[in-house]
Structures are given as C-alpha cells and as structure tokens.
Amino acid sequence: MLFARLAQVSQDVAATSARTRKIALLAELFRDASADDVPIVIPYLAGRLPQGRLGIGWRVIGDPVAPADRPRLTVRDVDAALSALKDVSGTGSQTRRKHLVAELMGAATADEQRFLVGLVTGEVRQGALDAVALEGLARATDTPSADVRRAVMLAGGLQPVARALLADGPGALDAFRLTVGRPVLPMLAHSAATVGDALDKLGACAVEEKLDGIRVQVHRDGDEVRVFTRTLDDITERLPEVVLAVREFAGERFILDGEVIALDGTGRPRAFQEVAGRVGSRVDVARAAEELPLSPVFFDVLYAETEEDGRAGGPDLLDLPYGERHAHLVRLVPEPMRVRRYVVEDGSAEEQRAAAERFFADTLARGHEGVVVKELPAPYGAGRRGASWLKVKPVHTLDLVVLAAEWGHGRRTGKLSNLHLGARRDDGSYAMLGKTFKGLTDVLLAWQTERLRELAVEDDGHVVTVRPELVVEIAYDGLQRSTRYPAGVTLRFARVVRYRDDKTAEQADTVDTVLAAHPHLLDAGTDT
DNA sequence: TTCCGACAGTGGGGTCGCAAT
DNA sequence: ATTGCGACCCCACTATCGGAA
C-alpha cells in the first residue's frame, strides 16, 4: 500500500467528527490493505510508530526538505526507513541520522511529509484510535463487530486479529480463544461517588477492598507461571515471589486477576510509589525482592480446569456470573491471598447497606484506597470499562492559589489550561504542590484564560506567571512524596472543582494544614 | 425525542533504565 | 557522575457521537 494513501485517509478522518464517516473511511482503507501492511498501518492510524519513539523531534525532522512531486513511498518503505533510523545510535551518529531523515523526507510529497512529521513527533490527532479502527475492520471484512471485539480482547490487541481477518476472512476469528499463557485485556471499573450510589445502581453485589498496587493477570500451566500487567506486559521475571506463591495453589491450569501490593511489618499497605518502584526494578530482582517483598491478592478467575469438568461448560469462565466465578476462586486461592469482601443481596435492607458502609470505613482504616462494588450476576467484560464494577474512593479538597498556567495543546490551543497550584506558607510566600488541567468545562477554560491574562506578570510562551490572587477548589486523592516540589509532597490526581470567588488568597489553605490532613505520610517521611 | 454508554483528548506524578553529555 | 528522555505504572474529567430506551 502506498504511504500517500494512508496519509490521505488520516487527513480525511481527522477532518470529520462523525464516527460513522471515520469508520467508512477506515473500512475502505482496510479493503485495500494486505495482511503484511497491518502491523504498520494499525499503529500509524493510531498515531504511533511500531518502533516506539525514535528519539528525534523537531530538531532533526523539522528542517525543510524539498518534497517529491509524485507519491512513490509504500508504507513498508517508510517503516524500513524509520527502523534504520532507530538502529543508528552512538557517537557521531547525528550526521548519519540527519542524512537518513533528509533521504526519507525528500522521497515524500508535501502531504506525506506533514503526516510523517506528525507521526514522529507524536502529534497525529484524528479522533480515531483502536475502537474506530475495529469497527472499520469489521465492516471491511463483513464480520460482526461484536465478534471482532471479542477476538481483540482475547488476543490483547487489534493487530493480530486484523492480520488474521485480512489473510483468511471471518473464519479466522475461531482461532482466538481464551488460552492459558496468552493474556487478555482486563476488565476495568467506573467510578461512583459513594457506596450508597453504587449499591443503588447494582442490586446484588460484592463490596471488595480496592488495593493500591499494580494490577496483575497470572497464568499457570503446571509449573509454568506467567505474570502480566494491565497493558499485557510480561513481568514474570520481576516477581519471583508471586510465581512461587501461585505454584502452591490448588489446580494446575488457571488464569487469575488480582493486584500486587507491599505490606509493612504490621500488615498495613505500603505507599503505591514503593510498589511501583519495586515492579519497575529489573536489574537486581533478587535484592529488590528481599528489600520489598510483594504480596499478590486475587479477586477473580477467568479460566480454571477442574477434576469434575464436563458439567460446568468448560474451563473458560468469562461468561459465568461473578458470583460463580468467585466460587472457583475460593477453591483455588487460599484466603489470605483473596481480597476481603462483603456481599450485599438484591433488594438489600437498611442493615446491609449500613454494613457495606462500615466495610468501606474499615477498609480505609486499614490503609487501603477504597472499595470496588461488583455486580454478582455480571460476566467478566474483558477489555471493557463495564458499568458492573464501580470503584468508590474518598475525595479530599483544598482551596489553593493559582500561581501560573500553561498554554494548552490540541483543542486547548490558545487557552490557558494547566494550572500551577500553591499553598500558603507562614511567611506569605507560596509552595507549589502540583498542577492540574482536569475538571474544566469549555466555559470555565475560556473564563480562566481571560482572568489569568489579567493577572499575568510574565509569559515565556509556555508558562504564564500570574499574581497569586485567584483561589480554586481542588479535589485530590491524597498526598504522595515528591522530590520535585518544595514542600516535599504533591497532590495525587488533582482536579478542579470550582473557582472560589468568595475567597481571597489569604484565606486559602496553608502547607501546614495540607500536611496535617495526611499524618500517615509524615510518618512515612521520617524513616529511611 | 431524550438519555446514556463508549471514545478520544488533555494532560498529571513517580520510577526505572539507558543513552548522551 | 549527571541529565534527559521514553516506557510503564497509577489516573480524572469533559465533549461528542450515535445507538438504546
């Protein structure tokens, strides 16, 4: 396939906001694509490169090169050129890279150059990622989109499914079955404000601990155990203690869904940052495991072979109600490695609701993040952010002062978007606690742009510094330790609730009150 | 006709590990 | 030795389209 074709379709897709039109355009493209084009075309359509980032930006690719007058590059030509570019590294490679870039750009038309620059700098935005591409693929191959979606969830991505469909037609989907050793996209949760709201929506459900660690999907086939993350990265080699623990479970072949966390000497969970650091450590795993052992805790099972199979409909449990899947979990996983839960029956009486609230409070008191309320009759919605799982977390708020704001990108171009948030110090100065761009409506975005411009004292083209007068109410999930910000802490998941026109900067919250609201963090900060 | 689920976009902080300086 | 940067971890929220109700 010609690269120009792809560049043209990308431009057309970006130019329309109608999803149906985007799908039709992509379907046309897929009809003309060969199976071999797929591993290149799919990432390009999503604005990604199969090679990942190339380590070059405007400095290298921004130099103008006379465009070709006729398109002749194929998508595979471009892919090969970018691979070559990625391979060139080491001292004295700069001129070689520049040469390769000039060669590629010189072979591209003006339209192709624009698309290439967008790809390399990560600025392709066309309102069509995998979901729209999936629909287009279904249309192009005359396959029901629900079938394609299920295959994608089981394959862990669109690419292998697209390749199979284009090479062999709809029949190829049969090959995508739940298989031990091949990860599937995990089910995700929506949010609810309170436990009561969640119960109102769900009926019969289980209220479970929400643990603040790293999501894991664990596959076991005899002694062979593999551990995958939420994005299906294989992290088995980094978690030896999880492998050992799972080998002791009852059952030889199964797939579990859970979380790994770290516990301190008293059984309280350690900070997320510590767990993430441990899971990210690859060099000296044995030492890292000794210093911070991880505990796997499971809440679901997707596949399990049993001795008395034959009556239950096979080992694939995805379509079983959660209540029944949990019975399998109990059979496989010993109690301390299952999340704690409280079951609420349908049409629950007041006592049960009160008990669910107490479970939530107790879970927080034990140092965990919150709860997830799960509908018991619901199947496992692989890869979906299903409405049958609702997470509930406590929300804290602060009144902070806007110290500066950054010019936005994309649809926020020309708007002051990302706010720098400060808390007062005793001496009247401000300590920056972090940034946020979340929670703003278009109306509020326009308003704050105007207002902040009035307060501006400096604009370096990226950050606009303002007089510290505007007070904004910020919601956040907690504090985490920081080496970047002066108070040694930063807000986790900060978002705007509203502007406080009724408050002056002198009435905003102070660093001391912020720290006092999170005493556990101060404890953590004192040890080594 | 209205409602609501699914998506895309717009970025936040931390950590690790590698390449360049 | 330091620094910059990409890749992953965690993530909230709004606007929009289009099918469901």
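Below, chain A is the first sequence line, B the second, and so on; all start at residue 1. Bear in mind that the values here come from a model prediction, so they are computed numbers and not experimental data.
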So does A:R495 get a side-chain nitrogen or oxygen closer than 4.0 Å to the phosphate oxygens (OP1/OP2) of B:dG12? no
Taking 4.0 Å as the cut-off, does a side-chain nitrogen or oxygen of A:S281 come that near to OP1 or OP2 on B:dT15? no
Between P on B:dC16 and CZ on A:F272, what's the gap in Å once rounded to a whole number? 12 Å
Short side-chain N/O contact from A:K415 to OP1 or OP2 of B:dT10, under 4.0 Å: no
Nearest nucleotide by nearest heavy atom, which residue falls closer to the 5' end of DNA chain C, A:I235 or A:F437? A:I235
Please work out which of the three classes, parallel, tilted or perpendicular, describes the rings of A:W389 and A:F299, given edges at 30° and 60°. perpendicular
Over how many whole Å does the gap from A:R484 atom CZ to C:dG4 atom C1' extend? 12 Å
Could you give the CZ-to-P distance, from A:R19 to C:dA15, as a whole number of Å? 17 Å
Send over the distance from A:D212 CG to B:dG13 C1', rounded to a whole Å. 13 Å
Nearest whole angstrom, please: distance from the C1' of C:dC9 to the CZ of A:F228. 17 Å
Taking 4.0 Å as the cut-off, does a side-chain nitrogen or oxygen of A:K438 come that near to OP1 or OP2 on B:dG9? no
Below 4.0 Å: OP1/OP2 of B:dG14 and any side-chain N or O of A:T490: no
Donor-acceptor pair, A:S417 side chain versus A:F437 backbone, under 3.5 Å? no
Strictly below 4.0 Å: does A:R412 bring a side-chain N or O up to OP1 or OP2 of B:dG11? no
Quick one: look up who B:dC7 pairs with, Watson-Crick or G-U, both distances under 3.5 Å, and put none if it's unpaired. none
Under 4.0 Å between a side-chain N or O of A:T229 and OP1 or OP2 of C:dC9? yes
Nearest whole angstrom, please: distance from the P of B:dT15 to the CD of A:Q273. 5 Å
Using atom CG of A:L445 as one end and atom C1' of C:dC13 as the other, report the distance to the nearest whole Å. 13 Å
Ignoring backbone atoms, test whether A:T20 places a side-chain nitrogen or oxygen under 4.0 Å from the OP1 or OP2 oxygen of C:dC17. no
Please state whether the phosphate of B:dG12, meaning OP1 or OP2, lies under 4.0 angstrom from any side-chain nitrogen or oxygen of A:N418. yes
Is A:E291 salt-bridged to A:R287, cutoff N-O under 4.0 Å? yes
Tell me: CG of A:L188 to C1' of C:dC13, nearest whole Å? 16 Å
Using a 3.5 Å distance criterion without hydrogens, assess whether the side chain of A:E473 forms a donor-acceptor pair with backbone atoms of A:R500. no
Identify whether the distance between the nearest side-chain nitrogen and carboxylate oxygen of A:R338 and A:D300 falls below 4.0 Å. no
Does the side chain of A:S482 get closer than 4.0 angstrom to OP1 or OP2 of B:dG14 through an N or O atom? yes
Is any side-chain nitrogen or oxygen of A:H409 closer than 4.0 Å to OP1 or OP2 of B:dG9? no
